[in-house]
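The model shown is predicted, which means the values in this text are computed figures rather than measured ones. Quick note on labels: first sequence line is chain A, next is B, and so on, each numbered from 1.
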Number of protein chains: 2
Amino acid sequence: MKVHPQEIEARFRRHAVRVTRQRAAIYAALTETTSHPTAEDLYRTVKRQQPLMSRNTVYYTLGVLRQAGLVREVNVGHHVARFDGNVTAHHHLICLGCSRIMDVMDDGLNQLALSHRQARGFQVLGHRVEFHGYCAECQHAQENVMKRRE
Amino acid sequence: MKVHPQEIEARFRRHAVRVTRQRAAIYAALTETTSHPTAEDLYRTVKRQQPLMSRNTVYYTLGVLRQAGLVREVNVGHHVARFDGNVTAHHHLICLGCSRIMDVMDDGLNQLALSHRQARGFQVLGHRVEFHGYCAECQHAQENVMKRRE
DNA sequence: TTTCAAGTCAGGAATGATTCCTACATAGCA
DNA sequence: TGCTATGTAGGAATCATTCCTGACTTGAAA
Ligand SMILES: [Mn+2]
Ligand SMILES: [Mn+2]
Ligand SMILES: [Zn+2]
Ligand SMILES: [Zn+2]
């Protein structure tokens, strides 16, 4: 969802994040998409407007924004990190075919909790639910493969 | 949980996995522990008995066993992959302090499902729940840090 | 408005988990 | 027992991420 420049600046100041052109661009790019991009994706996107942008700045900024609670990191497997500008409570559907990540908003999932016994002294601060499977497009692709084999 | 050599061999054959000394050792090490070790952990453990063991074999074998459904991969963050020899339905508590991974057995969690509407054409094959927080030991460590600061 | 220190940036080198490559060895089958 | 697909060892390569360093900004104070 598109966030206005002055709103970006306001959020940064509210979270004690210094305002710079680079950070605003990275955060804007991340909040404008629902695709949960990688650092590299963001680097390429932002580099169009700011050709001097370095990968380092993208990684560093994502780290700063994550610590400030303005950005979340979503992990698919152990490989490339994916980022999410939506920090409201939600979970994800992850496609095993194309690695697409889709949002799931569900209060029931947000409220999952463990019994005291199950937690065994563990102090639970949050949780994450991932559903794995195949998105509509990957299912169709799969069907086509099947048909070709017949 | 300790699995006998002939049982390991039986499982491998049942899953059409070729039986080799290396694979048996890797699988034995993984099923004997509840610590969700990394590939490197397993490499070091197994290398004691089989000094020629290579990292490549560990990674390759874990891949084979994973595809066969004998081993699961658990991800903490996007960094090092952790492995689990317990392939029955269960979920995890993950310590943000020491990266310890503890099992959570809970039928309720195993049966989570999405409504048709929420799934939006996505074919869900499975899901994973992670609880994040601090284990008992890391909580104590934290308290000690606090006390030292007083 | 000027000044300054803390914080940030760019670019490149370093790191480290994982994957790739290749020649040799072995499991499983006839 | 011999054949062949597959697995193994060891080392090189890859690639996302982190580290390093010196130059540049930002934000706040004088
Ligand atoms: Mn999301
Ligand atoms: Mn487990
Ligand atoms: Zn897909
Ligand atoms: Zn801990």
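- In this structure, CZ of B:F12 is placed 15 Å from C1' of D:dT6, rounded to the nearest angstrom.
- To the nearest angstrom, C1' of D:dC20 lies 13 Å from OH of A:Y60.
- The nearest whole Å value for the distance from the OH atom in B:Y43 to the P atom in C:dA17 is 13 Å.
- Separating the CZ atom of A:R23 from the P atom of D:dG27 is a distance of 9 Å, rounded to the nearest angstrom.
- Between B:R55 and C:dT18 there is no side-chain N or O to OP1 or OP2 distance below 4.0 Å.
- An OP1 or OP2 oxygen of D:dT18 is reached within less than 4.0 angstrom by no side-chain nitrogen or oxygen of A:Y59.
- The minimum heavy-atom distance linking B:N75 with B:I94 is given by the pair O-CD1, 4.4 Å.
- Between B:Y43 and B:Y59, the gap from one ring centroid to the other reaches at least 6.0 Å.
- In this structure, the NE2 atom of B:H79 is 9 Å from the C1' atom of D:dA16, given to the nearest Å.
- In this structure, A:V58 and A:A39 approach most closely via the heavy-atom pair CG1-O, 3.6 Å.
- Between B:Q22 and the phosphate of D:dA9, there is a side-chain N or O to OP1/OP2 separation shorter than 4.0 Å.
- Residues A:V87 and A:G69 approach most closely at CG1-O, 3.6 Å, considering heavy atoms.
- Proximity of B:T57 to the phosphate of D:dT8: no side-chain N or O atom is located under 4.0 Å from OP1 or OP2.
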What string of B, S and - do you get for nucleotides 20-30 of chain C, 5' to 3', if B is base contact, S is sugar-phosphate-only contact and - is no contact with any protein heavy atom under 4.0 Å? BB-----BS--
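- B:T38 comes within 4.0 angstrom of nothing in the nucleic acid, heavy atoms only.
- Atom pair A:Q67:CD and C:dG7:P shows a separation of 13 Å (rounding to whole Å applied).
- Heavy-atom contacts from other residues, nucleotides or ligands closer than 6.0 Å to CD of B:Q50 number more than 12.
- Between A:E73 atom CD and D:dT17 atom P the separation is 8 Å, expressed in whole Å.
- For A:E137, the CD atom counts as loosely surrounded, since its 6.0 Å shell holds 12 or fewer non-hydrogen atoms of other residues, nucleotides or ligands.
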